[in-house]
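What follows is one structure encoded as structure tokens, with my remarks underneath.
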Amino acid sequence: MTMNISDNIREVRAEIPSGVELVAVSKFHPSEVVMEAYSAGQRCFGESRVQELLEKEKELPRDIKWHFIGHLQTNKVKQLIGKTSLIESVDSERLLRLIDKESGKAGVVTNVLMQVHVAKEETKFGFYPEELLQFFTDRGFETLTNTHICGIMGMASNTDDLIRVREDFRNIADVFNRIANDSTLGLRGFDKLSMGMSGDWQIAVEEGANIVRIGTRIFGERQY
Ligand SMILES: *Cc1c(COP(=O)(O)O)cnc(C)c1O
């Protein structure tokens with residue numbers, strides 16, 4: 001792989017259909033590297049750790065849109081509020097309520113996606129499809145005052161079996177569509193479906209993703 005980040009950004013942007021938003025996942029890469037992508041025109045970046053996002057947010061240009069994509073611990077919510085354009089990884093109702101409460105205190109509205117768990121790995125976070133559908137049927141979103149639920153995020157199983165991967169994306173998209181198309185819910189602006197990473201984003205887009213989160217393909221391997 002070429003390690004020219006500007007070229008990588010331009011290549012990936014050229015491959016992704018218009019109407020699909022690219023989140024350049026910059027986790028574990030230093031700010032200078034993010035700046036290279038920024039110089040190539042990229043404005044939306046994804047981070048999975050609160051501290052790392054806050055540090056980069058402080059030193060990088062103001063017009064960057066930061067997406068938080070990792071498991072968010074409740075004790076870090078307060079620090080993150082006001083720093084993101086989208087928290088993609090709301091994986092429990094407790095976390096959602098806390099984001100809402102802290103956003104209220106800070107006087108901001110926080111945009112979030114609900115994370116759905118369909119992959120077979122035990123370690124993945126998120127709502128099971130039935131759980132999330134139940135949350136919406138119970139109208140759990142109605143009591144939110146400072147949080148806007150914009151859609152759903154999900155990951156496919158970590159496998160080479162592309163049939164499985166497609167099945168997982170289809171299941172995530174199905175949950176999304178059932179909620180988005182339920183007019184009795186009266187949701188507004190529930191229209192974002194974030195699925196797909198470096199290895200599987202094409203399949204995700206075929207299954208309906210309108211946000212893709214791509215790290216390795218742009219920045220190379222991460223050093224953990
Ligand atoms: C790290 C990460 C990505 C990017 O993965 P790549 O394989 O490097 O493209 C996407 N989504 C989430 C939730 C991640 O944690």
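Every number for a ligand or one of its atoms is a count from 1 in the order of the listing. The residues of the chain are indexed from 1 along the displayed sequence. Side chains included, hydrogens not; waters and symmetry mates left out as well; all remaining heavy atoms used.
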[X]: numbered ligand 1 atoms lying under 4.0 Å from its heavy atoms:
X    : value
I214 : 9 (O)
T216 : 6 (P), 7 (O), 8 (O), 9 (O)
R213 : 4 (C), 9 (O), 10 (C), 11 (N), 12 (C), 13 (C)

Nearest non-hydrogen protein atom, [atom]:
atom                    : value
atom 2 (C) of ligand 1  : K27 NZ, 2.6 Å
atom 12 (C) of ligand 1 : I69 CD1, 3.6 Å
atom 10 (C) of ligand 1 : M197 SD, 3.3 Å

Under a plain distance cut-off of 3.5 Å, with no hydrogens placed, do [Y] and [X] share a side-chain donor-acceptor pair?
X    : Y    : value
Q115 : S89  : no
S157 : R164 : yes
E47  : S26  : yes
N146 : S103 : no

**Stepwise salt bridge (charged side-chain N to carboxylate O under 4.0 Å, His left out) test for R217 and E11** = CA-CA 10 Å; R217 169 73 180 82; E11 282 168 25; 3.1 Å; yes
Name each donor-acceptor pair under 3.5 Å that joins a side chain in residues 175-182 to protein atoms two or more places apart or in another chain, with its distance.
from : atom 1 : to   : atom 2 : distance (Å)
N177 : ND2    : A173 : O      : 3.0
N181 : ND2    : N177 : O      : 3.2
D182 : OD1    : T184 : N      : 3.0
D182 : OD1    : T184 : OG1    : 2.5

**F136: partners by ring-ring contact (aromatic ring centres under 6.0 Å, His included), with sequence neighbours left out** = F141, F190
**Item:** N or O pair under 3.5 Å between V25 and ligand 1
**Value:**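 No; the residue has no nitrogen or oxygen that sits under 3.5 Å from a nitrogen or oxygen of the ligand.
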**Message:** Please work out, at 4.0 Å between heavy atoms, whether the side chain, the backbone, both, or neither of S198 comes within that distance of ligand 1.
**Reply:**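 The part of S198 near ligand 1 is both the backbone and the side chain.
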**Proximity to ligand 1 by part of R222, non-hydrogen separation under 4.0 Å** =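 Side chain only.
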